[in-house]
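Inspection log for the structure reproduced underneath, given as C-alpha cells.
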Amino acid sequence: MYRTLIVDDEPLMRTYLANNLTAICPFFSVTGIASDGKEAMDWLQKQRFDLVITDIRMPEMDGLGLSKYIYEAFPRTKVIILSGYNEFEYARNALKYQVTDYLLKPLNDNDLSDVLMNVREQLDGERQDHPGSSVTGREMDFHDLGGLFLSAVIEENPGQFYALYEELEKASFTLEGKYSCVMLLSLDGPGLLLSDGTALDITVCQFRLWKLCQDYCRTNHILASKNNNGDIYFLLTADGTQELHELALRIFRELTGTVLPHRFPRILISCGQPVSDIPELTSSASNASLASALSLLGEYPPYFYEGYLQNQYLITQLQDICSGIYRDYLSSDREKLYVDSASYAAFFKDSLNAASLLRYGTYLLHYLCSRSHIKIHYRKAAYEKLFTSVDSFLSTGSFSEEKVTEALHASVCSLLSPNKPLQLSESRQIAENARKYILSHYQEQISLSQIAEEIGVNSCYLSDIFHKHMGEPYSRYLLRIRMEQAARLLRENPGEKIYKIAERTGFVSSKHFISVFKKYYGTTPAAYTPK
C-alpha cells in the first residue's frame with residue numbers, strides 16, 4: 001500500500017478522507033493528516049509519502065505553495081489538489097508543479113477512485129524502475145493485506161475474506177493457535193467531541209489511536225483493521241480460550257499503560273467468542289460489539305463474551321430497543337422515536353441519575369453512529385444536547401422518566417439531517433426482496449453490503465429487518481440455502497466432482513466447502529448419504 005498525507009483545513013473533509021480513502025481505493029492508506037500547508041511540511045520532513053492530497057485554499061500555506069515545495073524537495077511524491085473553485089488559473093498553476101490531478105469539491109468517490117488508480121499505476125511503474133524508492137515494503141503490504149481480510153470479516157463478505165486469507169497463506173501466514181477471536185477497541189469519545197479548543201479534534205485523535213495500534217500490532221504480529229466510525233478490530237489467536245483472555249488483558253494493559261499517551265481519552269475493549277474456524281470470525285466480531293454493552297453494567301474493560309452470556313437476556317432486550325430506535329432514525333419517524341425513547345428510558349428507570357443517563361445516552365448515540373455514516377457535526381450536536389440535558393437536570397435535581405425520555409429523544413433527533421427522507425419502504429418488502437436476491441444469487445460471491453446496495457438500503461438496517469422478518473440472521477440464512485442446494489446437487493448428481501458442487505453453491509474453494517459442509521451435516525460431501 002502507498003502512504004498518503006491528507007491536507008485540508010476543513011475538519012469534515014479530513015474526517016471523510018481519513019476514514020474512507022482505503023475503502024475507495026485499497027492500495028492507499030492514510031498515514032498523516034494536516035490542517036494546512038505549513039503543518040504538512042512538518043509531516044513531510046518526518047516521514048516520506050507516496051501521495052499528498054491537498055486542498056487549494058488554506059491558511060498559513062495554500063495548496064499551490066505546498067505543491068511547489070513538494071515539487072522541489074520531494075519530486076517523486078505525487079500530488080492531487082482538491083478545490084471548491086473551478087478556476088482555470090488554479091489548474092494552470094498546479095500544472096507547473098507537475099500536480100497529478102485536480103479535483104473539484106464536492107468529491108465523487110468514483111472520480112477519486114479513478115484518479116487514485118492512475119496514481120497507483122504511476123507509482124507501481126516507478127517502483128519497478130527504482131527498486132527500494134518507495135517507503136512501503138513487504139511487511140507493510142502483509143499487514144495491510146491482513147487488515148483488508150479482517151475488514152471483510154467485519155463486513156460479512158465471506159467470499160472476499162476467504163480469498164484474502166488464501167493470499168495471506170501464500171505469504172506464509174497461518175493462524176498460530178487453535179482458537180481465534182475478534183477484539184473490538186473503541187474510543188470513549190463524547191468528552192472529546194465537546195472539548196473545542198482544549199484537545200485534538202475527533203479525527204486527529206482517532207487517527208493517532210489507529211497509528212499507535214498499527215505500530216503495536218506490527219511489533220506484536222497481530223492483524224488489525226479500522227471501520228469508518230473509527231473503531232479498531234484486532235484478530236487474536238491462542239491455543240485455548242483462557243490464553244485468549246490473557247492475551248486480550250495483556251494488550252489492554254500495555255495499550256493503556258505504556259503505548260497510549262498520558263491523558264489520552266479512555267478506551268474500551270471487548271472480545272467476541274473464541275472460534276476454531278475462519279468463517280466463524282464474523283460472528284465473533286458481531287459478538288464483540290454486543291459484549292461492549294457490559295460497560296453499562298459498571299464492568300471494567302476488557303469485556304469478554306462469557307460476561308455477555310451471563311447478561312444475555314438484558315443485553316438482548318437493550319439491543320432490540322436500540323434497533324427499534326435505529327429504524328426510527330433511518331425513517332425519520334420522530335413520533336415513533338419518542339415512543340421507543342420512552343422504552344429505552346424505562347430500561348434503566350431504577351437508576352435515573354446523571355451517571356446512568358450519561359452512560360446509556362452515550363451508548364445509544366455510539367450505537368447509532370457506528371451503524372450509519374453520520375456527519376461529525378450532527379454527532380457533536382447530539383452529544384451536546386445530551387450533556388446540556390444532564391446539566392439542566394443536575395441544577396434542578398430532577399430525573400423523572402418523562403424528562404429522561406425527552407432528553408434521549410432530543411439527542412437522537414439532533415442526528416437527523418433536515419434533508420433526510422421521511423419514510424423507507426415497508427420493512428417486510430425489503431426483507432423479502434433480500435430473500436429473493438439471495439435465492440437468485442447464492443451461487444455467486446455475494447455479501448450483505450452488496451445486497452443492501454442492490455435494494456437501496458443501509459446494510460445495518462437490512463441486517464436488522466432481515467433477522468426480524470426471516471427469523472434468522474442473513475449469514476445463517478445464506479449458509480442454509482447453500483447447504484440445502486449442495487445436498488440437492490449431491491443427491492441428483494452422485495458422480496459430480498466436489499469442486500464443481502462448491503463452485504455451484506458460491507464457495508471460493510473446495511477446501512472451504514468441505515469444511516463448512518462437514519460442520520453443517522456432520523459428514524463430508526463425499527460420504528454424504530441423502531435422506
Salt bridge or not for Glu406 and Lys403, using N-O below 4.0 Å? no

Contacts of type salt bridge (Lys or Arg N to Asp or Glu O under 4.0 Å), residue Glu246, not counting sequence neighbours: none

Going by heavy atoms in the side chains, are Leu478 and Leu448 under 4.5 Å from each other? no

Is it the case that atom OH in Tyr360 sees more than 12 heavy atoms from other parts of the structure closer than 6.0 Å? yes

Does the separation of the ring centres of Tyr477 and Tyr474 fall below 6.0 angstrom? no

Residues Ser151, Ser225; criterion side-chain hydrogen bond (donor to acceptor under 3.5 Å, both in side chains); working and verdict: CA-CA 6 Å; Ser151 294; Ser225 179; 2.4 Å; yes

side-chain hydrogen bond (donor to acceptor under 3.5 Å, both in side chains) filter on Ser389, not counting sequence neighbours, yields none

Any chance CD of Glu335 has more than 12 other-residue heavy atoms, nucleotides or ligands included, within less than 6.0 Å? no

Just jot down the salt bridge (Lys or Arg N to Asp or Glu O under 4.0 Å) partners of Glu454, sequence neighbours excluded, or say none. none

Heavy-atom side-chain contact between Asp239 and Tyr179 under 4.5 Å: no

Residue that, paired with Lys226, satisfies side-chain contact (heavy atoms from CB on, under 4.5 Å) out of Thr22, Asp231, Asn19, Leu150: Asn19

What pairs with Thr241 under side chain to side chain contact (heavy atoms under 4.5 Å, CB included), at least two apart in sequence or on another chain? Pro274

Do side-chain atoms of Trp43 reach the backbone of Leu5 as a donor and acceptor pair under 3.5 angstrom? no

Take Glu39 and Ser35 through the test side-chain hydrogen bond (donor to acceptor under 3.5 Å, both in side chains) and record every step on the way to the result. CA-CA 7 Å; Glu39 188 178 344; Ser35 59; 2.8 Å; yes

Only one of Leu209, Leu212, Thr219, Ile251 passes side-chain contact (heavy atoms from CB on, under 4.5 Å) with Val259, and that residue is Leu212

In chain order, what residues pass the side-chain hydrogen bond (donor to acceptor under 3.5 Å, both in side chains) check against Glu306, with sequence neighbours excluded? His245

With under 30° as parallel and over 60° as perpendicular, where do the rings of Phe347 and Tyr344 fit, or are they tilted in between? parallel

Not counting sequence neighbours, which residues clear salt bridge (Lys or Arg N to Asp or Glu O under 4.0 Å) with Glu10? List them please. Lys105

Tell me whether the count of non-hydrogen atoms from other residues, nucleotides or ligands lying under 6.0 Å of NZ in Lys211 goes above 12. yes

Pairs where residues 284-293 contributes a residue and the test side-chain hydrogen bond (donor to acceptor under 3.5 Å, both in side chains) is met, not counting sequence neighbours: Gln273-Asn287

Ring-plane angle category for His441 and Tyr437, please: parallel below 30°, perpendicular beyond 60°, tilted otherwise. parallel

With sequence neighbours left out, write down each residue that passes side-chain hydrogen bond (donor to acceptor under 3.5 Å, both in side chains) with Tyr338, or none if nothing qualifies. none

Please list all pairs passing the salt bridge (charged side-chain N to carboxylate O under 4.0 Å, His left out) test where one or both residues lie in residues 269-283, with sequence neighbours left out. Asp277-Lys519, Glu280-Lys519

Do the side chains of Tyr367 and Ser323 get nearer than 4.5 Å, heavy atoms only? yes

Give the intermediate values and the outcome of side-chain hydrogen bond (donor to acceptor under 3.5 Å, both in side chains) for residues Ser411 and Tyr383. CA-CA 7 Å; Ser411 298; Tyr383 282 111; over 6 Å; no

Can you list every side-chain hydrogen bond (donor to acceptor under 3.5 Å, both in side chains) pair that touches residues 248-259, not counting sequence neighbours? Tyr216-Glu254, Arg250-Glu254

Asn311 versus Leu294: any side-chain heavy-atom pair under 4.5 Å? yes

Does the side chain of Cys271 reach to within under 4.5 Å of the side chain of Leu244, using non-hydrogen atoms? no

For the residue pair Leu82 and Ile56, establish whether any side-chain heavy-atom pair is separated by less than 4.5 Å. no

Pairwise side-chain contact, Leu235 with Ile222, heavy-atom cut-off 4.5 Å (strictly under): no

By salt bridge (Lys or Arg N to Asp or Glu O under 4.0 Å) - contacts of Arg359 (at least two apart): none

With no hydrogens and no angle check, is any side-chain donor or acceptor of Asn20 less than 3.5 Å from a backbone partner on Ala23? no

Can you list everything that forms a side chain to side chain contact (heavy atoms under 4.5 Å, CB included) with Thr4? Sequence neighbours excluded, please. Ile6, Leu21, Phe28, Leu51, Ile53

